[in-house]
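Just follow the structure's listing: the first ligand is 1, and inside any ligand the first atom is 1.
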Amino acid sequence: MATDAWWRDAVIYQIYPRSFADGNGDGMGDLPGITARLPQLRELGVDAVWLSPFYPSPQHDAGYDVADYRGVDPRFGSLGDADKLIGTAHDLGLKVIVDLVPNHTSSDHEWFKAALAAGPGSPERERYIFRDGDQAPNSWQSVFGGSAWQQLPDGQWFLHLFDVSQPDLNWDHPEVRAEFLDILRFWLDRGVDGFRVDVAHGLIKDAELTDWSAPSVILGGLEPVGPPPPMWDQEGVHEIYRQWRAVLDEYEGGRILVAEAWVQPEERLARYVRPDEMHQAFNFPYLEAPWLPAELRAVIDSSLAANDAVGATTTWVLSNHDVVRHASRLGFPAGTKRMPGIGVGDPQPDQVLGLRRARAATLLMLGLPGSAYLYQGEELGLPEHTQLPDEYREDPAWERSGHTERGRDGCRVPIPWEADAPSYGFGPAEASWLPQPPIWAEYALDRQVDVPGSTYELYRSALAARREHELGSGELVWLASDTDALAFRNGGVTVVTNFGAEPAALPDGARVLLSSEPLADDGRIPTDVTVWAVV
Ligand code: GLC
C-alpha cells in the first residue's frame, strides 16, 4: 500500500492518556509514560496510535473540555513531551493521531471567559450559542442528562449539548472556522498524522433551533432511522470538513481525519468520508451489533457497501473510552442492549463467556478488510471494572443523569502491565486516579507475554498474520456455512465464527492459522470461537 494511503488498512490503537502509563507517579497517566511504552505497541504490531485529549483542561469531561487547543496540560507533560512522543513514534514506524474537539470548548477557554465578561449583545458572545428569554430557548437535552441550556445571572442562556462546562461553539462564525484551521496547522506542523474529530456530526445546529424533546442520545445508542434531529448530522457540517481536507492535503505523508459521528444508517455516515471530506469514520453500527450471525453479516455488508459507494475504506471497532468494554458487553445474553456503564448492584456479566466471545469477536473483526481500531487494554482481554464504587465516578453523566447512568469510568481504569508492581505497573504510585480491581493482576501484560493462548499473544499473532496475508487490503467473499456460523474468505484466508450451540465444521483440507480457543478433538469449531485457516 502506498505510504500516503497507510490508513486504508491500518490497525489503530487508542491510548487514553489518563490511564495508559504514569511516568511521574502522580497516579494519572502522562505523555512521558506513553512514550516509554511505545516500543511495546510496536511489539504488539499496530500501525498507529490515537491519543484522547491531553490539552490544558479543567478535566470536567476527562479532557474533552479543552481550555487551550495548542498546549499540553501540565498533568500530562509539556509541549516538548508531545514532540518527543511524536518523534519516538515515528522512529518506531508508528503514526500518531490526536483528538480534536471542535463542537465545544471548555468554559475555561479564554473565548468563553471573554464572552462571560463582555455580557449580552457583545461580539464575544457571538462565538458561542447565546439566546435571550425567560425560559430555556428550546427543549433540547444534554447528552449527559438535564437541559442543554444554562442560564447566566445576566439572564442569557447558552447551549451545551454535553456538560455545562462544555459550551457549544457557533460554527456560523468566521472566527471559529479560522481558529480551527489554524489549530489543524499547529499540530500538522508538529508532525501529527491525523485528527480524530470529536462529535463530528454536531457542529452545525438547525438554524431555527427547532424543539426536540427526545434525549440527545449519542453515546448510549444511535438515533432511530429518520430525519436527523436538529442538533446532529446537519448538512452544513460537510462544508467544514471539505475545508479541513484541503488543509490536510497540503501536507505530505497522508494526514487523515477520522469522524466520530454517531449517525445512521451507514449511507448517512458514509457522507462524512466522501473523497473530498474525511478519510475514515468510526463504524458504530458495527460496535452496536449484537453477537448474532445474521445481524453481524448484515452490518458488515451494509458498511462495506456504503463505504465502497464513496470510495472510502471501512473501519471496524469493538471498544473505546465511551462504551462498556466488549469483554464485558458480550458476557450478557446475545442481543442485550448496550448499557451506559455497569456498577455495584447492577446485573453483572458472565466474565468467562464475555472473554471467550470477545476473543472470537476480535479475531472476526481483524479478519475483515479495511482498518480496525483497538482500545487500550483489550489486547489483555480486560473486562470493564463493573464493581467500581460509585464515589470514585468522575464521568459527568453520572451526576447529570441523577445517578441513573453509571457512566463511562468503568472502561477508563488504568491498565495493568506488571502483576506484582504498584498499581500493576501503571506507574510508581500505589494508587491510580481510578482504583484498579484486584483481578487486574491476572490480566497484566507480564503474565501474558510468551504465554501460548493468552489474549495478548492471540492479538499479536492475529496482527502479524493480518499483515502477512494483507487482510486489511483484501476483499470479502461470503462462504456457505451452518446457519449459526459466519464464514468468509479474505484473500487466501478463510475466517469462520461459530455462534451456534453445536460445533461447526471447517472447510475440507483447511490448515488452521489461528483460533480464538482450542478446537474440539475432532477438529471442529466450538461455540463462540473464530478460526482463521488457509485452504
Ligand atoms: C465524544 C467523546 C466523549 C466526550 C464527548 C464530548 O463523544 O468520545 O468522551 O464525552 O465527545 O466531548
Side-chain angles (χ1 to χ4, degrees), residues 12 14-20 50-67 69 73 97-109 112 128 140-146 148 159-169 171 180 195-203 205 215-223 231-233 237 257-264 269 272 280-284 287-288 315 317-325 338 340-341 373 375-376 384 393-401 405-413 434:
I12 302 171
Q14 181 188 358
I15 293 178
Y16 193 67
R18 295 168 70 99
S19 303
F20 186 70
W50 146 38
L51 283 91
S52 282
F54 49 69
Y55 312 108
S57 158
Q59 302 282 318
H60 293 308
D61 185 22
Y64 282 94
D65 46 331
V66 180
Y69 291 86
D73 194 293
I97 294 172
V98 294
D99 220 305
L100 187 69
V101 188
N103 180 66
H104 43 266
T105 69
S106 159
S107 49
D108 283 6
H109 190 282
F112 195 71
Y128 292 90
W140 292 6
Q141 300 290 296
S142 148
V143 171
F144 296 149
L159 177 71
H160 61 91
L161 287 180
F162 293 87
D163 190 48
V164 66
S165 64
Q166 294 167 299
D168 280 56
L169 282 165
W171 272 88
F180 274 85
F195 302 89
R196 175 263 187 193
V197 182
D198 191 68
V199 196
H201 58 315
L203 275 51
K205 283 79 182 170
S216 300
V217 176
I218 60 162
L219 303 172
L222 293 167
E223 299 289 345
M231 71 290 284
W232 304 133
D233 198 23
V237 296
L257 294 166
V258 184
E260 187 223 17
W262 294 79
V263 165
Q264 72 168 21
L269 186 56
Y272 289 76
Q280 296 186 337
F282 291 107
N283 190 342
F284 295 127
L287 184 150
E288 303 251 290
T315 69
V317 62
L318 290 166
S319 282
N320 65 29
H321 67 292
D322 288 328
V323 301
V324 170
R325 284 180 174 278
R338 183 165 63 79
Y373 279 82
Y375 176 50
Q376 67 176 40
E384 186 85 356
R393 296 196 180 278
E394 292 196 8
D395 183 349
W398 169 240
E399 285 303 326
R400 289 196 61 91
S401 69
E405 282 188 17
R406 303 272 180 196
R408 300 161 292 171
D409 296 294
C411 65
R412 299 175 174 182
V413 175
L434 280 177

Ligand 1-proximal atoms of Phe144, by part, heavy-atom distance under 4.0 Å | side chain
Are Trp171 and Phe180 near enough that their ring centres are under 6.0 Å apart?
-> yes
In terms of atom number and element, which parts of ligand 1 are under 4.0 angstrom from non-hydrogen atoms of Val199?
-> 1 (C), 11 (O)
Determine whether the aromatic ring centres of Trp50 and Tyr16 lie less than 6.0 Å apart.
-> no
Report, in ascending order of atom number, the atoms of ligand 1 lying under 4.0 Å from any heavy atom of Arg196.
-> 2 (C), 8 (O)
Short list, please: which atoms of ligand 1 are under 4.0 Å from a heavy atom of His321?
-> 2 (C), 3 (C), 8 (O), 9 (O)
Before accepting this row, confirm whether a basic side-chain N of the pair Glu394/Arg18 lies closer than 4.0 Å to the acidic partner's carboxylate O.
-> yes
Would you mind running through ligand 1 and noting each atom that sits below 4.0 Å from a heavy atom of His104?
-> 6 (C), 12 (O)
Can we say Arg400 and Asp395 salt-bridge, meaning some charged N sits less than 4.0 Å from an Asp/Glu carboxylate O?
-> no
May I ask you to list the atoms of ligand 1 that are less than 4.0 angstrom from any heavy atom of Arg412?
-> 9 (O)
Against heavy atoms of Arg408, which atoms of ligand 1 measure under 4.0 Å?
-> 3 (C), 4 (C), 9 (O), 10 (O)
With the side chain counted from C-beta on, respond yes when His60 and Phe162 share a heavy-atom pair under 4.5 Å apart, and no when they do not.
-> no
With under 30° as parallel and over 60° as perpendicular, where do the rings of Tyr64 and His321 fit, or are they tilted in between?
-> parallel
